[in-house]
Structures are given as C-alpha cells and as structure tokens.
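Working notes for the structure below.
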Number of protein chains: 2
Amino acid sequence: MAGVNAGGERKERARFRRQAPEDRRRQLGEAALRCILKHGNAGVSVRQIAAEAGVTQGLVTHHFGEISELVAYAFDIMSGSLLQALMDAVAAAAPTPHERLDAFIEASFSPVLFDRDVLGVWVVFWGLVLHSPRMSASQQGEYSDYVAAVERLLGDLAASEGFAIGDVRLAAIAFTALLDGLWLAWCLNPSSFRPEEGMQLCRNWVKGLRLGAHG
Amino acid sequence: MAGVNAGGERKERARFRRQAPEDRRRQLGEAALRCILKHGNAGVSVRQIAAEAGVTQGLVTHHFGEISELVAYAFDIMSGSLLQALMDAVAAAAPTPHERLDAFIEASFSPVLFDRDVLGVWVVFWGLVLHSPRMSASQQGEYSDYVAAVERLLGDLAASEGFAIGDVRLAAIAFTALLDGLWLAWCLNPSSFRPEEGMQLCRNWVKGLRLGAHG
DNA sequence: AGAGAAATTATAAGATCGTATAACAAGAGA
DNA sequence: TCTCTTGTTATACGATCTTATAATTTCTCT
C-alpha cells in the first residue's frame with residue numbers, strides 16, 4: 001500500500017514544490033548536462049539524472065516520455081547557449097568586421113566556452129548525435145545556423161577590406177572545422193597548446209584568407 | 001547441473017576451435033569496432049561484442065579482464081590502422097615534399113578513411129577517451145605521433161620550397177585540427193561538403209602557409 | 001594413447017537499466 | 001474551506017549489464 005513501508009508503518013512521501021512544466025524540463029535538462037559532464041556517456045541514465053535534479057525517475061518519463069528526448073532537449077539547451085554567447089560577443093564588439101570576427105575568435109577561446117568540462121560534453125554529444133535521428137535533426141539545424149553566422153562574418157570582412165573569397169560557404173565550413181578541431185584536440189590533450197595559441201592559429205587562418213588562400 | 005538442460009536431457013556444449021590468445025584478442029577487438037559502428041555507445045557491451053564475435057561473454061573477461069580493457073584495445077587497433085594507412089600513402093607518393101603532403105591529404109579523404117561508419121567510430125571513441133585514463137594515455141601517444149608526422153611533412157615542404165614557418169609544431173596542430181574538424185563536420189553532416197571540397201580546403205590551408213599565414 | 005595445459009562455454013549473482021502506473025500531494029481558484 | 005487539476009513520488013516489471021567461476025573441450029606434447 002502506498003505510503004506504508006514493509007513494516008506496516010506509514011511512511012510519509014517526500015515533500016516537494018510544484019513547478020511550471022517548462023521550469024522543471026529546464027531543471028532536468030541542466031541536470032542531464034551535469035551528469036554527462038561528470039560521467040560521459042555513462043551519465044546518460046534516468047536514475048542518475050533524476051538524482052542529480054533531486055527528483056524521482058517518474059518525473060523524467062512524465063516530462064519527456066523517454067530518456068532520448070531529455071538528452072536531445074539538453075543538447076538543444078547547450079547549442080542555444082553556445083550560439084547565443086558567440087553572437088553576444090560579436091554584438092558587443094566594436095562594429096568593424098575585423099573586430100567582430102576577432103571577438104568571435106576570442107569568445108571561442110574564452111574560459112566560458114573553452115573549458116575542459118564544457119567541451120567534454122560536446123564531444124560526448126557528437127557521439128550521441130550519430131545514433132539519434134532526433135538529435136541529428138537538431139544538430140543539422142544548429143550547424144547550419146552556426147556556419148551561416150560565420151559566413152556573414154567572413155563575407156563582411158572581405159567586403160570591408162576589399163578582397164575576394166572564392167567560396168564563402170566553404171571558407172566558413174573550413175573555419176568552423178578548424179575551431180571544432182582545436183576544441184576537440186585541446187579537450188583530449190590540454191597540454192598540446194594554450195588558448196592564446198589557439199586564437200593565434202585562427203587568426204593565422206584568417207590572414208591566409210586575406211592573402212588569397214581560398215578556392 | 002552443467003551440460004544438462006531444464007528437462008534433464010544432456011545438452012552438448014557448443015563446439016569451438018581453439019585460437020592463439022592474440023588472434024582471439026584481435027577477433028574480439030574487431031568485433032568491438034563493428035558493434036560501436038552499428039550502435040554507437042550502446043554497442044559497448046560484453047554481451048553484444050561476444051555475440052558479434054560468435055563466442056560467449058566469459059571469453060571477454062578471460063582475455064581482457066574487463067570491458068574497458070577491450071574497448072581500449074579496439075581503440076589501439078583503430079589508431080594503429082589510421083597512422084599506418086596514412087604513412088603508407090605518403091611512402092607510396094612521389095618523393096617530393098609537396099607530393100607527399102598531398103598524398104597525406106588525399107589519403108585522409110579516401111573512401112577507406114573518409115567513411116561515415118569509420119568516422120562515426122572515431123567520434124564515439126573521442127567521447128570514451130575523456131572518461132578513461134587508459135584510453136586517454138593511448139590517445140595522447142597516438143596524437144603526438146600523428147602531429148609529429150605532420151610536422152615532418154610541413155617542415156620538409158617549407159625547406160624544399162624555401163619558405164619559413166614560424167612555429168612548425170603549432171602549424172601541425174592547426175592542420176591536424178582542420179582535418180579532424182572536417183572529419184567531424186562531414187560525419188555529422190555529410191551533405192555539408194564533398195570529399196573533393198574537403199581536400200581543397202586543406203590545400204587552401206597549405207597555400208596560406210606558403211603565403212606567410214603563420215605565427 | 002594419454003596426460004595435462006589452457007582455451008572456452010555455461011551459468012549465475014548482484015546491480016542497474018528504462019518505462020509504466022497507481023497513488024498521493026501541492027496549490028490555485030471558486 | 002473545499003474541490004479539482006496536475007505535478008510528483010513510490011514502486012514494480014522485465015530486460016540487460018559486468019564479472020566471476022566451475023566445468024568442459026580442444027589440442028599439443030610426451
């Protein structure tokens with residue numbers, strides 16, 4: 001009988017405070033991120049995430065239907081935060097295309113984004129995306145938005161400084177790949193280079209663009 | 001009672017052929033790779049890998065002690081194959097530094113390496129490396145070897161063509177990051193660019209190096 | 001042919017997993 | 001104060017997990 005333990009004694013249920021569904025979903029999503037941060041793929045577990053959020057596992061099913069929906073939601077939280085942070089940095093920069101692009105680079109290597117734990121969550125998510133149509137769809141949308149943002153930054157730079165880029169889309173893809181690759185490399189091997197060096201490598205790439213190194 | 005099923009009838013054990021321990025380890029390692037290829041993280045399971053190899057789960061414990069040792073072994077198989085394939089391609093190229101570097105680039109985008117399933121295994125492994133000191137140690141060694149190989153290719157090119165590179169190690173890190181980033185991007189979004197475009201982006205990077213885009 | 005080493009199977013224990021659902025409690029609104 | 005909606009807990013089922021180990025089989029060597 002609910003509320004009564006094996007010895008027949010009445011056991012009170014845990015007290016809780018009701019929350020708006022979206023607030024609770026957000027709480028569970030952030031708990032999921034923390035679990036992945038701590039345990040990698042082994043942290044993707046209804047019980048662990050519920051415990052991290054301070055609730056019971058039934059709440060996960062209630063709000064998300066199944067664990068993969070929660071993981072996809074957590075991925076969306078993370079993706080939205082990333083693009084928002086980068087756009088905020090660009091918007092806060094001096095309004096020349098050069099300064100805006102450089103603000104983008106600096107933000108990419110700032111401690112908020114260029115953090116071993118944060119990048120580790122990304123790496124685990126990339127592995128999960130491959131086997132989740134739901135997450136794959138989200139990722140494709142976010143990747144397109146990200147590359148489009150980079151295209152604008154590179155296009156503005158070229159127009160502002162009077163040089164041509166053969167294929168802006170491919171250049172944006174290359175720049176994005178370089179950044180992701182540096183994130184990955186540093187995450188796996190933090191001793192391989194310093195954030196300042198990472199920024200320099202990106203600036204070098206931009207210098208190459210100016211010098212005509214494009215298809 | 002061993003050998004007798006529930007109905008009391010004597011059930012013969014499965015027949016098997018003994019193999020040398022290293023042959024069996026190799027078989028299990030390759031089965032592990034196939035499971036990760038098919039199922040991602042969900043494929044990292046003693047039962048699934050044993051089934052894929054056509055043996056029973058006791059064999060995994062016998063040969064590897066625990067599942068994480070098998071996964072690390074599979075990772076080493078994969079890493080060894082990668083570097084070997086790239087070095088073979090470079091060795092088979094015409095002996096000029098330019099041709100050797102270009103052979104490296106072409107091999108990196110050849111169907112053997114630039115394959116959705118193969119790259120998918122890498123992405124999953126990257127996530128696993130972060131939470132496995134054993135795999136992390138392996139990865140660091142392999143990353144160092146890979147970057148050293150790239151350093152030699154870039155250094156030879158610069159010497160051969162009479163241009164200077166400010167910091168060859170950082171240039172090698174950047175080139176490696178660009179390649180890994182392109183592999184990752186294509187694996188997650190195969191429609192974002194074609195292999196030929198990927199090679200071109202790498203050649204563009206090299207062009208930039210020649211033009212002085214380095215720190 | 002037989003002994004013996006060791007490769008391998010079969011089985012089991014204890015743990016954790018995801019999902020489902022009945023029951024309860026919070027709290028808003030009348 | 002009471003009703004009712006709905007957020008949430010508690011519990012359970014069936015499945016899968018890893019590791020351990022006794023027993024069996026393969027196959028080499030004498």
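The chains referred to below are lettered A, B, ... by the order of the sequence lines, with proteins before strands, and numbering in each begins at 1.
- Judged by closest nucleotide on DNA chain D, A:A14 is the one of A:A14 and B:V46 placed further toward the 5' end.
- One can place CD of B:Q48 at 17 Å from P of C:dC17, the figure rounded to the nearest angstrom.
- Within the nucleic acid shown, A:H62 comes within 4.0 Å of at least one base atom, counting heavy atoms only.
- Remark: B:R134 engages B:D76 in a salt bridge, criterion side-chain N to carboxylate O under 4.0 Å.
- Aromatic ring orientation, B:F64 versus B:Y73: tilted (interplanar angle from 30° to 60°).
- One can place CZ of A:F64 at 16 Å from P of C:dA20, the figure rounded to the nearest angstrom.
- Here C:dA7 presents its P atom at 12 Å from CZ of B:R25, a figure rounded to the nearest Å.
- If you find the closest nucleotide of DNA chain D to A:F16 and to B:F16, the one lying nearer the 5' end belongs to A:F16.
- Residue B:S45 places at least one side-chain N or O closer than 4.0 Å to OP1 or OP2 of D:dC17.
- In this structure, A:H63 places its NE2 atom 17 Å from P of C:dG18, rounding to the nearest Å.
- Here the shortest heavy-atom pairing between B:L178 and B:C202 reads CD2-CA, 4.2 Å.
- The distance between atom CG of B:L28 and atom C1' of C:dT9, rounded to the nearest whole Å, is 14 Å.
- As judged by a 4.0 angstrom heavy-atom cut-off over every strand, B:V60 is placed among residues making no nucleic acid contact.
- Taking atom CD on B:Q19 and atom P on C:dT9, their separation rounds to 10 Å, with Å as the unit.
- For A:R24, a side-chain nitrogen or oxygen approaches OP1 or OP2 of D:dT8 to under 4.0 Å.
- Atom CD in B:Q27 sits about 12 Å away from atom C1' in C:dT8, given to the nearest Å.
- Between the side chain of B:R15 and the base of D:dT26, no donor-acceptor pair of N or O atoms lies under 3.5 Å.
- No hydrogens or angles were tested; on distance alone, nothing pairs the side chain of B:R18 with the base of C:dA7 as donor and acceptor under 3.5 Å.
- Direction change of the helix axis from one end of the helix from C:dA1-D:dT30 to C:dA30-D:dT1 to the other is 0°, with five pairs defining each end axis (rounded to 10°).
- At a cut-off of 3.5 angstrom, counting only N and O atoms as typed in the model, there is a donor on one side and an acceptor on the other between the side-chain of A:R47 and the base of C:dG18.
- Within the 4.0 angstrom heavy-atom criterion, base atoms lie near B:Q57.
- A:R34 and A:E30 are not joined by a salt bridge, as no carboxylate oxygen comes within less than 4.0 angstrom of a charged side-chain nitrogen.
- Between B:N204 and B:Q200, the side chains place a donor N or O and an acceptor N or O closer than 3.5 Å (distance only, hydrogens not considered).
- Here the side chain of A:S136 pairs no donor or acceptor atom with the backbone of A:P133 at under 3.5 angstrom.
- Checked against C:dT9, D:dA10, C:dA26, the side chain of A:T56 finds its nearest nucleotide in D:dA10.
- Of the charged side-chain nitrogens involved, at least one lies within less than 4.0 Å of a carboxylate oxygen, so that A:E106 and A:R203 count as a salt-bridged pair.
- The interatomic distance linking A:E22 (CD) with D:dG7 (P) rounds to 12 Å, in whole Å.
- B:I67 comes within 4.0 angstrom of sugar-phosphate atoms only, judged by non-hydrogen atoms across all strands, and of no base.
- With hydrogens and angles ignored, the 3.5 Å screen pairs no side-chain donor or acceptor of B:N189 with any backbone N or O of B:S192.
- Between B:L59 and A:V44, the residue anchored closer to the 5' end of DNA chain C is B:L59, taking for each the nucleotide with the nearest heavy atom.
- If you check distances only, the side chain of A:R13 does reach the base of C:dA23 with a donor-acceptor pair under 3.5 Å.
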